[in-house]
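Right, one structure below, let's go through it.
Naming: A, B, ... by sequence-line order, numbering from 1 per chain.
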Amino acid sequence: MSERRKQYPFPDFEPKWQRVWAERLTFRVGNPGEHGFDPTRPKFYVLDMFPYPSGEGLHVGHPEGYTATDILARYKRMRGFNVLHPMGWDAFGLPAEQFAIKTGQHPSVATVQNIARFKKQLQRIGLSYDWTREINTTDPDYYRWTQWIFLQLYNSWFDPAKKKARPISELAAQWKASHPDGSESGLRDYLDQHRLAYVAEAPVNWCPQLGTVLANEEVVDGKSEIGGFPVIRRPMRQWMLRITAYADRLIDELDGLDWPESIKSLQRNWIGRSEGAEVHFPVVGQDDHITVFTTRPDTLFGATYMVLAPEHPLVGKITTADQRAAIDAYRAQVAQKSDLERTDLAKEKTGVFTGGFAVNPVNHQKIPIWVADYVLASYGTGAIMAVPGHDDRDFEFAQKFGLEIRYVVQPPGPIEGCFTGPGTAINSDFLNGLSTTVAKNRIASWLEEHDSGKRAINYKLRDWLFSRQRYWGEPFPIIWRNGRHEALSAEDLPVVPPPLDDYRPTGTIEPPLAKAKDWVTLADGAIRELNTMPQWAGSCWYFLRFISPHDRQRFVGAQAEQYWMSGRGPGGVDLYVGGTEHAVLHLLYARFWHKILSDLGYVSTIEPFQRLVNQGMILGEDNQKMSKSRGNVLNPDDIIDEYGADTLRLYEMFMGPLEATKPWSMAGVEGVYRFLARVWRLGMTENQEGVWEISPQVIKVEPDPQQNKVIHATIKKVTQDIESLAFNTAISQMMIFVNTFTNVERRPIQALRTLLILLNPFAPHLSEELWERLSQRFSIFSGQISEQPWPVWDESYLEEDEVEIILQLNGKLRDKITVRRDLDRESLEQLVLETPKIRTATRGKTIQKIVTVPNRIVNVVVR
RNA sequence: GCCGAUGUGGCGGAAUGGCAGACGCAACGGACUUAAAAUCCGUUUCUGGGAAACCGGAGUGCGGGUUCGAGUCCCGCCAUCGGCACCA
């Protein structure tokens, strides 16, 4: 670091104020019912996405969102709100576990160290968190409640009639009433099929290198999101969460949220709801039928063949003897392909005829059944009816294999090849002449009447694969007895993972917890569930724990939850800021859990986050994404050493709009540093000995009208810009303010006082320090700056007696005149027509029209 | 291919349908200084005319449109970024 002389003594006062805030618990906030808490004040819950405390520490991207929320928090406090602004640690996860494997050190040790480092770095930025509410997802007092919430899911089912989760006991009662002679195991089976947390043997994404399964959301291009290792599909018995039951609500209940439209559409897209119909095709010569899902049932008359996914259970039965060898070879070949190869769009379609036929229920035609890997086992029913005339993929396949193409939709205009849009039904018997929309409806009714199918809705969203073969995660509160799972009771929580010397993957599908033999087997012979929860579990509800982090009785205190999560919309947290990378993972999972907790009556809102803002990415100075390999990563500590925390905060906010992606610039950092130094010198001057003292230019004097205009314009702009998170323009206005007062001989203390308060949320250390120093001479600086009420602007200062009017001729700027404010239209137009420019320009021409906007513009239209 | 976002000086960016380029950076010129740094002041979209004050023209990715007036609204393209992707 350079030893260059600092422009103002931030290295002295920044740590000083951080200490003061910590000692005085300046930013601590209580809960309703606590001594000194005023529940009549409005509340503001402003939340950052809590970080995973990695070994690398913070980079300059972290403080961007954190500073934005901090400005809001400080501002709202000055506006008289009770502000909940907490921070914590999402500390379970793979990196700590892999570090443990490498070093032999328990993951908790590295976690504690990493958290200490992160916290120290955050505190150096001067963020006004209430650290008495700090939480850590790896703390047994925290994850006991994560496990407790899992039990709520386990002990609930989704009632499709009410579209709500209900206790499983109610379902048990229903079943017993309708099955008076039902067996105990019959009941168990029934309940286990309906729990929101259930066990299923399902094809999963298995990553051999990581030794664990992954959720669909964690697999990118056939590789693990973490590490980029190959992922293969294999069937395994796993815990699943029934998120698909909530698919419609997860779409519909987005409507009331103040989220970016792009994130809402990302979620809708991910859930992928599509409406259509299921159609049953009887298999020729067999008792079976093939069910397909289609969004275009109106094209049923155009179905000329069928395709089954290679994994479809009926493939074996349908295949004829002479086709068996070819089909078996094809299936074996497909099974060897990775997901990446299978979904490669560029490749040619492949497939094999099974030898079997099905009957089209609407016209009783016999159509061939094929097997092809362009049909996915995991979507719909794993089988399709192929309509090559009106589906691109079927068209391509039919062309390659010489299958019949039949057109059943008349396009609005001439089109060649395949037509996938809406039109009018043709060659379709009773559908002929109907528009696509009407035809869809008519055929759906027909299918239902003839028992050949029904209306149906399909989703891309799959149930959430919730178990991982890892050590460093929440153990399940589940034991197994006689091949059946059982929930532990709430009193048995938390289930703490056993100490292990060896965290390595077992090399098989067995989780590392299997190595803790003593822990695994209970006294009565029952064995523990060996999987752990995925990293997303802890972050699904942490915003609730912040409300009452030390509550021993409940995961969140009821009264406090109602106070902090209340609001005008369906969501509780007033402002949630974080990166877009969590658009479909964390944000979808957290909404899902929250809805269950809401259905069961544990929380008072149906959505967790009312307003969501995504901060943009900060690029390196080379305009590239910051990464170790590019060597363009910047550490906030270095910026703070050189320029101070206030400069870091201010620069991050001045770079541009919060939501934009933008490159870092050291020259830009210098710019805001200079600005802060100018603020400092507005109040302070350096004497002969190099000691800073209050500037003699700061005096008790009333600001003149021009100065008052700047003061009030700044109050207005900064206030409005903070509310709309437009921090860059708020800072610009404060720069204009400072430029105005830099060169005046006499600096009114009132002006300086206002500036310091406005600047306080942005640069809290500098404003605190100046406030304190000035208080030694001037009584209007008494008290703590953070306790001052936010200034109010007076419009009357912003209005001047004279206004400048823009003169246009045919919409082009020609001149400007200054006139009395609120001059009436006629007089103004008269004045305009008399100006030399307009006189010359209109000479010999006809004035067609004069457009006048009072106090702003006059546009003369001539011909 | 589909969905979403974004295109404005040398750079980051600013503009309720009404003066395009606020504010900052960089660059250039000046003041202060023995000198430099720091600081302060000024100039800076492109372009034509003029010694100059000044007078004009063009200009917000491209092409149309609406309007007295468009960076802003509408239609059609192009480019970049992000997400999804054989989802029937």
Pairs: protein N or O with nucleotides 82-84 of chain B N or O, under 3.5 Å:
unit_1: B:rC84; atom_1: O2'; unit_2: A:Lys460; atom_2: NZ; d: 3.4

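- A distance of about 38 Å separates the C1' atoms of B:rC84 and B:rA20, rounded to the whole Å.
- Contact between the side-chain N/O atoms of A:Lys837 and the OP1/OP2 oxygens of B:rC55 is found at a separation under 4.0 Å.
- Only A:Phe654, A:Met655, A:Pro657, listed by number, bring a heavy atom of residues 650-660 of chain A to less than 4.0 angstrom from any atom of RNA chain B.
- The side chain of A:Thr294 sits closest to B:rA88 out of B:rA20, B:rA88, B:rC23.
- A glycosidic torsion no more than 90° from 0 defines the syn conformation; B:rG71 lies beyond that range and is anti.
- For an aromatic pair to be called close, the ring centres must be under 6.0 Å apart, and A:Phe397 with A:Tyr305 satisfies this.
- Using a 4.0 Å heavy-atom distance criterion, A:Asn728 is classed as a sugar-phosphate-only contact.
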> What does nucleotides 63-78 of chain B look like as a protein-contact string, B for base, S for sugar-phosphate only, - for none, at under 4.0 angstrom between heavy atoms?
Replying inline: -----BS---------

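- Taking 4.5 Å as the limit, some side-chain heavy atom of A:Lys460 sits within range of a side-chain heavy atom of A:Asn269.
- Spacing of P atoms, B:rG17 relative to B:rC74, comes out at 12 Å, to the nearest Å.
- The separation of B:rU66 from B:rC73, taken at their C1' atoms, amounts to 8 Å, rounded to a whole angstrom.
- For A:Arg681 and B:rC40, the shortest distance from a side-chain N or O to OP1 or OP2 is below 4.0 Å.
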